[in-house]
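One structure is given below, encoded as structure tokens.
When a ligand or atom number is given, it counts from 1 through the structure's own listing order. Side chains included, hydrogens not; waters and symmetry mates left out as well; all remaining heavy atoms used. We count residues from 1, following the sequence as given.
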Amino acid sequence: MEAGFSSKNKPIGFFDSGVGGLSVLKKAIDLMPQENYIYFGDSKNAPYGVREVEDIKNLTFKAIEILLSKGSKAIVVACNTATSAAVDDLRCKYKEVPIIGIEPALKPAVSLYKKGKILIMGTPITLAEKKFNNLVAKCGPNLEIVPIPCPGLVEMIERGIFEGKDINDYLKDKFKTYISEDISSIVLGCTHYPFIKKEIISIFGAGIPVIDGSKGTAKELKRRLTEKHMVNDSGKKGRVEILNSSEESRIIDLSYRLLEI
Ligand code: DGL
């Protein structure tokens, strides 16, 4: 069915456990500046990546209800953890709404492969879930793909720390066994991590590709909207509204700042 003019003007709802999904929203705005966007970050309940799967599912459903109640025409689950825990159930419940999830960008990492290990950083839940294991089995069953769970990193980024000693010490310790090995690429399997990309590059050097799924997700969003005739063709620049479950006003300030980085 062809969508009407008004439904094309409705916002696209973006969700993440906190500020991480803004790294994906940025790419969507670059690709489709004419769209209206509404972003909901659940910073009050972050991090999700160390919670029980059922708990993550419940929190994700609550967040998506908020975005749908604001008239979202499509949903982007801009959180690898929430995608692995809840995207299948979301798609079952909201059959009429395009729901796009994000997963670790293993496909591009495999297509760039030369030699050595592919390191995948992510939350403990993302890297333990069935979805991730299926992805590895599909994309690179014979490659050395090493999951690197990074508990504690999301908390630092939520506090607005993107560089400096704490992040650098954390990363050095995480990667100490890999620093002298052949590394093919590093995949950022959490939407918070692109904000600390500079620090990751400083550990391994600029020669090792650091890959994230934000651009691919934005492209997939565009493809799905186009297929459903839902692209906003008003020709005007769209609006971006940011909501957050946290009562701390600094989170909203931080969110708008991250969109500018
Ligand atoms: N940005 C989320 C992700 O992509 C972080 C999850 C968390 O809150 O631990 O996985």
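- When hydrogens are left out, the protein atom nearest atom 9 (O) of ligand 1 is Gly49 N, 2.8 Å; that is the closest non-hydrogen contact.
- Listed by number with element, the atoms of ligand 1 under 4.0 angstrom from any heavy atom of Ser17 are 2 (C), 5 (C), 6 (C), 7 (C), 8 (O).
- No side-chain heavy atom of Ile118 sits under 4.5 Å from any side-chain heavy atom of Glu144.
- Residues Phe204 and Phe175 place their aromatic rings such that the two centres sit under 6.0 Å apart.
- Ser84 is not listed as a side-chain neighbour of Glu103, based on a closest heavy-atom distance of 4.5 Å or more.
- With ligand atoms numbered from 1 in the order given, ligand 1 contributes 1 (N), 2 (C) to contacts under 4.0 Å with heavy atoms of Asp16.
- Side-chain contact of Asn244 with Ser246: a donor-acceptor pair under 3.5 Å is absent, judged by distance alone.
- Here is the list of ligand 1 atoms found below 4.0 Å of a heavy atom in Thr123: 6 (C), 9 (O), 10 (O).
- Pairing each heavy atom of Asn80 with each of Thr191, the nearest pair is ND2-N, 3.4 Å.
- Checked against a 3.5 angstrom limit, the closest N/O atoms of Thr126 and ligand 1 fall outside it.
- Residue contact check for ligand 1: Gly18 places no non-hydrogen atom closer than 4.0 Å to it.
- When hydrogens are left out, the protein atom nearest atom 10 (O) of ligand 1 is Thr81 OG1, 2.6 Å; that is the closest non-hydrogen contact.
- Applying the 6.0 Å contact sphere to NZ of Lys215 captures no more than 12 heavy atoms from other residues, nucleotides or ligands.
- Atom NZ of Lys107 sits in a sparse spot, with 12 or fewer heavy atoms from other residues, nucleotides or ligands closer than 6.0 Å.
- Taking a cut-off of under 4.0 Å to the non-hydrogen atoms of Tyr48, the atoms of ligand 1 that pass are 7 (C), 8 (O), 9 (O).
- Every N/O-N/O distance between Gly21 and ligand 1 stays at or above 3.5 Å.
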